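Sequential numbering from 1 along the given sequence is applied to the chain's residues. Nothing here was measured: the structure is a model prediction, and the numbers come from that model.
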Amino acid sequence: MQSAPDDLVACVKCLDDMSQRYLSQLLPAFAAVLMLCGTQLFPVLLNPTLRWLYIVIIAGVVVLTPGFLKSMKLPMTNFILVFLAWCFLTVLWSEIPRLSLYKALAASSIMIPLFLGGVLWASYQQNLDDIWRFFRWLIPAALLVALSGRAGQGLLEQGQNYYSGLAGNSNFLGWMMSVIFVPLFWSFMHRRGKSTSLKGIMYTAALLLSLYYLLITQSRGAMLTTAFTAACYFFSTSSGRRSKILTTSSLVLMVCFLVIPNFGEFVYQKFIIKGSGTDISGSWGLSRASIFEATLAGAQKGAFFGGGYGISIGSDPSGYSGGFTSVGYGREKGNALLAVVEELGFIGLLILLATFIYFLRKARSAYKKSLEKSHKIQLGLLVGYAAGMLIMSNFEAWLVSPGSPESLFFWVYLGVIYGFCLRIIRDYDYSVGVDVINGRKYA
């Protein structure tokens, strides 16, 4: 017969195992749910209001998961906490203190649980290749949004009627396609001779669909992110595979020039200037020039300390009606770097840059220490997409909008990649590795 203390230990272990299973199953599903909350798909269950309920559920599971308190001590977590502390500090000089306070609270309730949820999820996977399970619900969710739409133009048509599916915005749908490109591209490149299987055919078809819808959204930011991610994969892979990619790409381009009349002009008109009928500067100016200029002026006024988190310097404060939402107040920022300076000043920008630099250094360390080539390639592709999203943020500025679908995805995705890097370092170099699950630091 077990003693009372033994029963208690067994009960605690059972609860820990249950929390671990819940996180492993829920996080990929909720990543897809939070993405869909920004679309027009099933609005009764998937809408901007209910997303906060889903975030609370994720946060509750993460807090109850073994390793949560130890993961709070990770260096990357400390960087995020310093950034959030600065967000709260700007309340003291904000033009609208209530707005800055509420937005800092919202950012804290999102960034910490989602990031740590990603870290813990990655640490609980049985092997490093299981990281692709993170995308298992994102792929069908994104394709469903794309396939459900009707308005828009085909690939070979010109004009400004950009395709948006049920995303409600062509740039948003383009970003969703760039997200699922990552796992689909990996599957396509590393099926190891299983391309004729049913699963292989389905993944190939899904990849082609994602690329097709990415192109007809004509989202230059999403296409740039996807191209940057593919380039990171290219430089991470073996020389033999690089040669095959270059040869195949050259042949595809030759066929396009032969089959599609005036292919170069078509690409310029369709994707570079997005059917606007103007030159490059005119095309950019139609959608971004005034937004960029207003944000630049705000950044100049923000200087070192910023105008306050969530503040649009110079906007009418009466537009803010209170609460966590700032709908009706402020303006579109359009550029993440300038928006951060406007709201949080150069000090806030430096903290954020330090956070991302530390992340990239940790990824570089994992890349160098990994003895498995496939893990190096995975890191190149996955980290490349994280960096690509930061590049894209300089056209969309979702980085200062913590409740946006892009921001929600980014922080949980960053946590997954960071946890993946810790796993690699732990497995290949015990002198610096950290076991997030058991809280051990190998000496």
Nearest-0.5 Å distance that lies between atom [atom1] in [X] and atom [atom2] in [Y]:
X	Y	atom1	atom2	result
Leu84	Met111	CG	CE	4.5 Å
Phe420	Ile131	CZ	CD1	4.5 Å
Leu173	Gln218	CG	CD	12.0 Å

[X] side chain to [Y] backbone, donor-acceptor under 3.5 Å:
X	Y	result
Ser24	Tyr124	no
Arg51	Pro405	no
Ser312	Ser315	no
Arg133	Pro28	no
Ser407	Gly403	no

- CA sep, side-chain torsions, deciding dist, call: Glu396, Trp175, side chain to side chain donor-acceptor pair (under 3.5 Å): CA-CA 10 Å; Glu396 301 294 333; Trp175 167 72; over 6 Å; no
With [X] via side-chain contact (heavy atoms from CB on, under 4.5 Å) - residues at least two apart:
X	value
Pro113	Ala59
Ala104	Cys87, Phe88, Tyr309
Phe356	Leu352, Leu390, Leu399, Phe410, Trp411, Leu414
Ala222	Leu214, Ser219

Tell me every residue that passes salt bridge (charged side-chain N to carboxylate O under 4.0 Å, His left out) with [X], counting only those two or more places apart in sequence or in another chain.
X	answer
Glu406	none
Asp129	none
Arg136	none
Arg361	none

- Task: Take Ser236 and Leu379 through the test side-chain contact (heavy atoms from CB on, under 4.5 Å) and record every step on the way to the result.
- Result: CA-CA 8 Å; Ser236 301; Leu379 268 176; over 6 Å; no
- Task: Quick one: sort the Phe135 and Tyr413 rings into parallel, tilted or perpendicular, breaks at 30° and 60°.
- Result: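 Answer is perpendicular, since the angle exceeds 60°.
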- Quick one: sort the Phe409 and Phe134 rings into parallel, tilted or perpendicular, breaks at 30° and 60°. tilted
- Query: Given the rule in the side-chain contact (heavy atoms from CB on, under 4.5 Å) test, do Tyr213 and Leu147 qualify, once you have shown the distances and angles that lead to the verdict?
  - Reply: CA-CA 9 Å; Tyr213 284 113; Leu147 290 165; 3.2 Å; yes
Contacts of [X] that satisfy side-chain hydrogen bond (donor to acceptor under 3.5 Å, both in side chains) - sequence neighbours left out:
X	value
Asn262	none
Lys103	none
Arg364	none

Can you find a heavy atom in the side chain of [X] that is under 4.5 Å from one in the side chain of [Y]?
X	Y	result
Tyr203	Leu207	no
Thr295	Glu332	no
Ile80	Phe115	yes

- Query: Hey, would you say the Trp86 and Phe83 ring centroids sit under 6.0 Å apart?
  - Reply: no
- For the rings on Phe185 and Tyr233, is their centre-to-centre separation under 6.0 Å?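 Yes, ring centres under 6.0 Å apart.
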- Query: Where do Ser170 and Ser164 land on the side chain to side chain donor-acceptor pair (under 3.5 Å) test, with the steps shown first?
  - Reply: CA-CA 4 Å; Ser170 60; Ser164 60; over 6 Å; no
- Is a salt bridge present between Glu343 and Lys333, judged by a nitrogen-to-oxygen distance below 4.0 Å?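 Lys333 and Glu343: salt-bridged.
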Just distance, no hydrogens or angles: give the donor-acceptor pairs under 3.5 Å from side chains in residues 35-48, sequence neighbours left out.
from: Thr39; atom 1: OG1; to: Leu36; atom 2: O; distance (Å): 2.7
from: Thr39; atom 1: OG1; to: Leu41; atom 2: N; distance (Å): 3.3
from: Asn47; atom 1: OD1; to: Thr49; atom 2: N; distance (Å): 3.1
from: Asn47; atom 1: OD1; to: Leu50; atom 2: N; distance (Å): 2.8
from: Asn47; atom 1: ND2; to: Pro43; atom 2: O; distance (Å): 2.8
from: Asn47; atom 1: ND2; to: Val44; atom 2: O; distance (Å): 3.3

- Query: side-chain contact (heavy atoms from CB on, under 4.5 Å) between Met392 and Trp398: does it pass, once the steps are laid out?
  - Reply: CA-CA 9 Å; Met392 186 186 72; Trp398 49 261; 3.4 Å; yes
